[in-house]
There are 2 protein chains.
Amino acid sequence: MVDYATNAPSTAEPHDGQVALGAPRRRTQQERRETTIGRLIDATISVIAEVGYANASLGVICERSGVSRGGLFRHFDSRLDLMVATAAEVGKRHIAHARRQLGELRAPTILEALRLMRDRHRNVENVVWFELMVAARTDPDLRIRLSETGRQFFADIVDAARLIPGTELFPAEDLEMLVNTLEHTFDGEAIRREIAPDPVAEDRRLELAAEFAEFLIMRRFNATKPADTPSTTD
Amino acid sequence: MVDYATNAPSTAEPHDGQVALGAPRRRTQQERRETTIGRLIDATISVIAEVGYANASLGVICERSGVSRGGLFRHFDSRLDLMVATAAEVGKRHIAHARRQLGELRAPTILEALRLMRDRHRNVENVVWFELMVAARTDPDLRIRLSETGRQFFADIVDAARLIPGTELFPAEDLEMLVNTLEHTFDGEAIRREIAPDPVAEDRRLELAAEFAEFLIMRRFNATKPADTPSTTD
DNA sequence: ACGTTTGAAGACCGATCGGTTTCTATTCGG
DNA sequence: CCGAATAGAAACCGATCGGTCTTCAAACGT
């Protein structure tokens with residue numbers, strides 16, 4: 001019933017090394033596997049970002065990735081598995097993004113670093129991660145799987161923050177708390193601004209966050225030096 | 001086919017005021033209406049809190065409320081309408097809760113007020129509101145409707161915050177930004193702790209937030225009074 | 001007391017979901 | 001070059017979804 005000729009499986013390939021014009025031939029199985037998995041995860045990311053976790057159906061994911069249902073279920077046993085793999089991927093990209101940005105700045109001010117952080121939290125990677133985290137609250141299976149992925153992710157974030165000068169003043173747990181606090185703030189803002197944007201307040205909030213960080217530094221500095229210091233602290 | 005006798009429509013009601021034993025008779029139409037709407041919204045709140053917005057199907061909502069599908073659609077034209085009404089209700093309850101708590105405290109410290117605020121953001125009312133806000137990001141209809149409901153809600157929150165002493169020093173837009181920042185932080189924390197709880201960090205975060213708030217109040221206090229004041233500010 | 005209106009029930013409908021099965025195409029191992 | 005194993009496509013399945021329709025009961029207006 002079906003016309004298989006459209007696939008045109010092999011228009012002859014006379015010798016071994018030579019390939020026909022533009023026809024990418026003889027991919028290895030692992031290559032095939034990795035490209036389709038990559039296409040599926042890329043599609044999942046963009047679909048979740050667009051329609052949310054709950055509405056990211058396998059139908060639209062397959063459609064957008066160009067992979068069939070059968071193809072999907074060859075590599076992922078369930079929708080949950082696909083989502084967990086997607087979570088790991090967005091986490092990895094988020095970390096890479098952060099390290100790259102901080103690396104490009106030679107002497108980042110706190111405000112600059114925070115602005116980059118805030119903008120990162122508005123990107124697809126973090127939006128998808130957040131969608132997954134919110135869904136995990138009411139989905140026990142996802143919650144278990146995501147908490148494992150999250151452990152690594154959250155630790156990596158704090159590690160990356162060490163690239164910012166000034167952070168060496170903080171012990172690990174204090175820095176972790178500070179970084180997480182900022183993440184929470186930017187996550188919450190990113191959600192709220194979808195229904196009630198307020199760019200002016202966002203700018204002021206960024207300055208406030210920078211002041212908070214400086215407040216903590218000052219506080220720690222004073223705590224470690226009980227004797228009063230000269231007022232020429234410019 | 002159905003046995004209507006179980007309903008026992010009217011076992012006679014001889015005179016006007018007298019009712020039969022324990023049988024609640026002759027409710028007015030408006031009463032009927034309000035109670036079933038109330039039951040539906042209560043059920044919607046608890047179901048969203050349990051299984052999330054996307055999985056809060058009309059089936060389980062009807063089941064839990066004890067109202068039939070037909071009954072539901074008499075009062076709400078669509079699931080969206082029910083959700084919007086639910087949003088308004090949780091917003092109203094959240095505000096009432098906040099005002100009641102702050103009113104009970106006679107001289108609330110910042111730390112006390114912040115702890116109450118944080119705990120409120122872990123309650124059903126706020127969890128449901130947050131679920132709706134997250135869903136609104138990817139649901140255009142819900143976003144439009146919720147942004148209208150939100151305008152009032154967000155304004156009421158800032159109004160309620162005026163009950164905290166010290167806030168009178170701040171102009172409206174500064175206080176609004178400050179309050180919203182705290183809301184974002186507590187919202188983000190409330191989500192994160194579902195998959196990665198860290199009670200120690202939560203306590204420190206609360207203390208530091210309070211210290212920072214006091215710092216801001218002090219700074220503004222000094223700014224509004226350019227002349228130095230006696231240091232006996234206990 | 002009685003016809004009208006409103007509230008509530010529940011069977012029913014098409015659409016869509018995640019997942020399975022069946023079958024074909026491609027790469028692999030020798 | 002050829003069987004075996006893997007990748008991928010697509011028809012298919014039962015369950016469930018939001019929403020409608022028909023029907024009966026209760027409250028209302030007069």
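Note that this is a predicted model, so its numbers are computed, not measured. Order of the sequence lines sets the chain letters (A, B, ...), proteins ahead of strands, with each chain counted from 1.
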B:Thr28 vs D:dC28: side-chain N/O to OP1/OP2 distance below 4.0 Å: yes
Phosphate contact (D:dA7 OP1 or OP2) by A:Arg33 side-chain N/O below 4.0 Å: yes
First encountered from the 5' end of DNA chain C, between A:Gly70 and A:Ala54: A:Ala54
Residue A:Ser68, side-chain heavy atoms: nucleotide from D:dG18, D:dG8, C:dA9 that is nearest: D:dG8
Protein-nucleotide distance (A:Leu72, atom CG; C:dT21, atom C1'), rounded to Å: 16 Å
Donor-acceptor pair (no angle test) under 3.5 Å: B:Arg69 side chain, D:dG19 base: yes
Lys/Arg cation over aromatic A:Phe154: B:Arg192, 6.0 Å, 45° cone: yes
N-O pairing of B:Arg99 and B:Asp156 below 4.0 Å: no
Whole-Å distance separating the CD atom of B:Glu31 from the P atom of C:dT6: 18 Å
Gap separating the OG1 atom of B:Thr28 from the CD atom of B:Glu34, nearest 0.5 angstrom: 9.0 Å
d(CD, A:Glu34; C1', C:dT27) in whole Å: 15 Å
Side-chain N or O of B:His75 closer than 4.0 Å to phosphate OP1/OP2 of C:dT6: no
Whole angstrom value for the distance that separates C1' of C:dC17 from CG of A:Leu82: 15 Å
Donor-acceptor pair, side chain of B:Ser68 and main chain of B:Gly71, under 3.5 angstrom: yes
N or O in side chain of A:Ser78 less than 4.0 angstrom from C:dG18 OP1/OP2: no
Residue A:Thr36, side-chain heavy atoms: nucleotide from D:dG8, D:dG19, C:dA8 that is nearest: D:dG8
Nearest-angstrom distance from the residue atom CZ of A:Arg32 to P of D:dA5: 17 Å
Sidechain-backbone polar pair: B:Arg39 side chain, B:Ser65 backbone, donor-acceptor under 3.5 Å: yes
DNA chain D contacts made by residues 39-50 of chain B, counting heavy atoms under 4.0 Å: none
Axial cation check for B:Tyr53 ring with A:Arg137, 6.0 Å and 45° limits: no
B:Phe73 CZ - D:dT23 P separation (whole Å): 20 Å
Distance below 4.0 Å between B:Ser57 side-chain N/O and D:dC17 OP1 or OP2: yes
For atom CG of A:Asn55 and atom P of C:dT16, their distance in whole Å: 13 Å
B:Gln30 vs B:Arg79, nearer the 5' end of DNA chain D by closest nucleotide: B:Arg79
Between D:dA25 (P) and B:Arg74 (CZ): distance, integer Å: 15 Å
Close aromatic pair by centroid cut-off 6.0 Å: B:His121 and B:His184: no
Stepwise side chain to side chain donor-acceptor pair (under 3.5 Å) check, A:Arg27 with A:Thr35: CA-CA 10 Å; A:Arg27 294 188 305 164; A:Thr35 61; 3.0 Å; yes
Most 5' of B:Gln29 and B:Val60 on DNA chain D, judged by nearest nucleotide: B:Val60
